[in-house]
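Everything numeric here is computed off the predicted structure, so don't read it as measured data. Below, read A as the first sequence line, B as the second, and so on, with proteins coming before strands; counting in each chain starts at 1.
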Number of protein chains: 2
Amino acid sequence: MAQVAKLAGVSVTTVSHVINGTRPASEATRAAVQAAIDRTGYRPNTLARALARGGTQSLGLAISGLSNPYFMDVVAAVEAAAGVAGHTLLLGDTREDPEHELRIVRTLAERQVDGLLLAPSVGALETTLPWLESAEVPVVLLDRFLDVPLDQVGCDNEQPTAKLVDHLIEVGHTRIAMAIGIPGLSTTDERVRGYRMALDRAGVPFDPDLVADGGSQRDQAREAMHALLDLDEPPTAVVSGNNFMTIGLLRAINERGLRVPDDIALVAFDDFEWADLFAPRLTVIRQPTSELGSRAVELLLSRLEDPSAPIRHERLDATFVHRDSCGCHAAAGATATA
Amino acid sequence: MAQVAKLAGVSVTTVSHVINGTRPASEATRAAVQAAIDRTGYRPNTLARALARGGTQSLGLAISGLSNPYFMDVVAAVEAAAGVAGHTLLLGDTREDPEHELRIVRTLAERQVDGLLLAPSVGALETTLPWLESAEVPVVLLDRFLDVPLDQVGCDNEQPTAKLVDHLIEVGHTRIAMAIGIPGLSTTDERVRGYRMALDRAGVPFDPDLVADGGSQRDQAREAMHALLDLDEPPTAVVSGNNFMTIGLLRAINERGLRVPDDIALVAFDDFEWADLFAPRLTVIRQPTSELGSRAVELLLSRLEDPSAPIRHERLDATFVHRDSCGCHAAAGATATA
DNA sequence: CTGTTAGCGCGTTCAG
DNA sequence: CTGAACGCGCTAACAG
């Protein structure tokens, strides 16, 4: 920059001001500076600028399971939203592990991100969140809700899951199993609650044996499904708690030589992009993943603008997508109902 | 940091050195500094450190289609590999558009990333790469190869595609169509070359009408498939150039009321994680996506260590996964052949 | 083993 | 409309 200043015959102050348009300058000097910039191939150093200004124009995203298509839609949306706002995205994978999550969040904060988006892991309340509070970094929580005074965005889980179970009951099932995600996550707990609520209001007895811990993961869900099928009175229908577990459940079902929906019905949380092209065509709850990401960024940006604004918790609607893995033969093409 | 120094009764230099372990210090002062750090809740400012040191310990990843599961695996692998090396990841979506790509790459470079990973778009040779060269940022190209003196990693495309077509020919097909990706991408060109090579060596005549531009995208591939099916002499088999197009092709096939593989065979580049659980079970080429990401990071890091080392181009092997969308009934379970 | 000092590249009061 | 000078928080010679 000093070089540019010299070449343009002005001071660095002036160069800085014409670059940022932060105070008037004569047309002549502006042109001179611009010319000098072009000729020197000058590239501003965002770091130095951030140091001086006290703001980096960058956002951190700490999330788990980057290979999960669900979260990757979120990442794409966050990147896009951050981009239009002139922010760059720093990405970190929490691995669903509180210790690692804390490391990730710290490095992000130490890099002076202006704000942080976090999908908190189960142990976050004891590790990451206390640290974040003392660090005074603006944060919005994503996907999972926590009982803390922070902005949060996530989907509705209870009603949609209940809807899934309602449907299974309508079709005539009473032995309905559920593969649940990591215990302690609000998403898991809310989905379980939805499951029980639907059972209760239909008068279907609740059987704890039918609730299997799939740990939000494929392989664990697969084992859980095998265990369910080994029951004296195995389920005639299963509801999957997320997309990964759906894969695991199906694998187990396949390994038993069973077929969906003829031998066992399957409905699931999380849609797949291709779900209506392959058999079995899955009846699912679809989450508005992109909206989740962009809303989270909006919340964060407005928080940055007004740190003292009231805290907001937002629930996004999920959609029931009726296809045919539920085994009712009413589905005529894919039908989406709110 | 000044505060820590004062509280510990030492100079900032000492604080810096005990933090970084960059020179010996007496046990006493080390303890004092550590105590002061704990009590003040001091958090190092990575920006200032980077400014002073001239290195950010961060890597930039400029890639397109973050919603593509293929690239997302790459992102996950890159994040992981960067993490273990103590680097943070800055992410930008190029949108497969040279103009936007240049913007992304510039902001990444202005943020002083130590190095850059780029999946160059078609126009990159005219926009991004010249800029990168003058900017003197260490770069490794990812996925697509370009005729420039830079480190590059990608998969083998020609032989695997030929293998796909070979197989179709063995099964007895002679009207074999192909949906190709964005023209100009090396991946596209190489895959087309593999297609033609297989045709040629089997003595199957090449028909330009059977090569449809799917633009690497779902919807465009869908339209292309419809056009192919409208031909006087429609294909009896199709090979898809990537995962997105596979979805589009299948949608069109479905819309015509046709079935894979009975009415038309389909084989594809890019595997799906769930591909052996749903019908039709796709016969595909599987790329080592994670390896691609981690290798790219390794190349970049070693480039940073030794800027004058010879340039390296690496080809990773892709795998033929035999399932049943090819219509040959030989597939007994999923079989992977190198 | 420890302190002093000079930058890293930029924004931003202050004077002119 | 423009410049000089200070400081952002930290590292790295150079002394001691």
Regarding B/S26, tell me which of base, sugar-phosphate or nothing describes its non-hydrogen contacts under 4.0 Å with the strands shown. sugar-phosphate

Salt bridge check: are A/R95 and A/E101 linked by an N-O gap of less than 4.0 Å? no

Are A/D151 and A/R312 within salt-bridge range, i.e. N to O under 4.0 Å? no

Could you state the NE2-P distance from A/H17 to C/dA15, rounded to the nearest angstrom? 16 Å

Nucleotide C/dG11, atom C1' - distance to CD of A/Q57 in whole Å: 14 Å

Residue list, salt bridge (charged side-chain N to carboxylate O under 4.0 Å, His left out) with A/R49, at least two apart or on another chain: none

Is it the case that the base of C/dG3 and the side chain of B/R23 share a donor-acceptor contact (distance under 3.5 Å, atom types as modelled)? yes

Is a donor-acceptor pair below 3.5 Å formed from side chain B/T13 to base D/dA12, judging by atom type as modelled? yes

Taking CD1 from A/I19 and C1' from C/dG9, how many angstroms apart are they, rounded to a whole number? 11 Å

Checking all strands, does B/T22 fall into the base, sugar-phosphate, or nothing category for heavy-atom contacts under 4.0 angstrom? nothing

Looking only at side-chain N and O atoms, does B/T13 offer a donor or acceptor that is under 3.5 Å from a partner on B/S16? no

Counting any heavy atom closer than 4.0 Å, what does A/T14 reach on the DNA or RNA strands: base, sugar-phosphate only, or nothing? sugar-phosphate

Within the structure, does a side-chain N or O atom of B/S16 lie under 4.0 Å from either OP1 or OP2 of D/dA12? no

Interatomic distance where CD belongs to B/Q3 and C1' belongs to D/dC10 [whole Å]: 16 Å

Charged N to carboxylate O below 4.0 Å: is that the case for A/E96 and A/R144? yes

Determine the sole option in B/T88, B/N45, B/T56 for which the side-chain hydrogen bond (donor to acceptor under 3.5 Å, both in side chains) test with A/R111 is passed. B/T88

Nucleotide D/dA12, atom C1' - distance to CG of B/N20 in whole Å: 11 Å

Heavy atoms only, 4.0 Å cut-off, all strands: where does B/V15 land among base, sugar-phosphate and nothing? nothing

Please give, in whole Å, the distance from C/dC10 C1' to A/I37 CD1? 13 Å

Taking any heavy-atom pair under 4.0 Å as a contact, classify B/M1: base, sugar-phosphate, or nothing. base

To the nearest 0.5 angstrom, please state how far the CG atom of B/L117 sits from the CG atom of B/D143. 12.0 Å

Touch check for B/V12, heavy atoms < 4.0 angstrom, all strands: base, sugar-phosphate only, or nothing? nothing

Is there a residue in residues 40-56 of chain B whose heavy atoms reach under 4.0 Å of DNA chain C, and which residues are they? B/L51, B/A52

Given atom CD of A/Q112 and atom P of D/dC8, what is their separation to the nearest angstrom? 14 Å

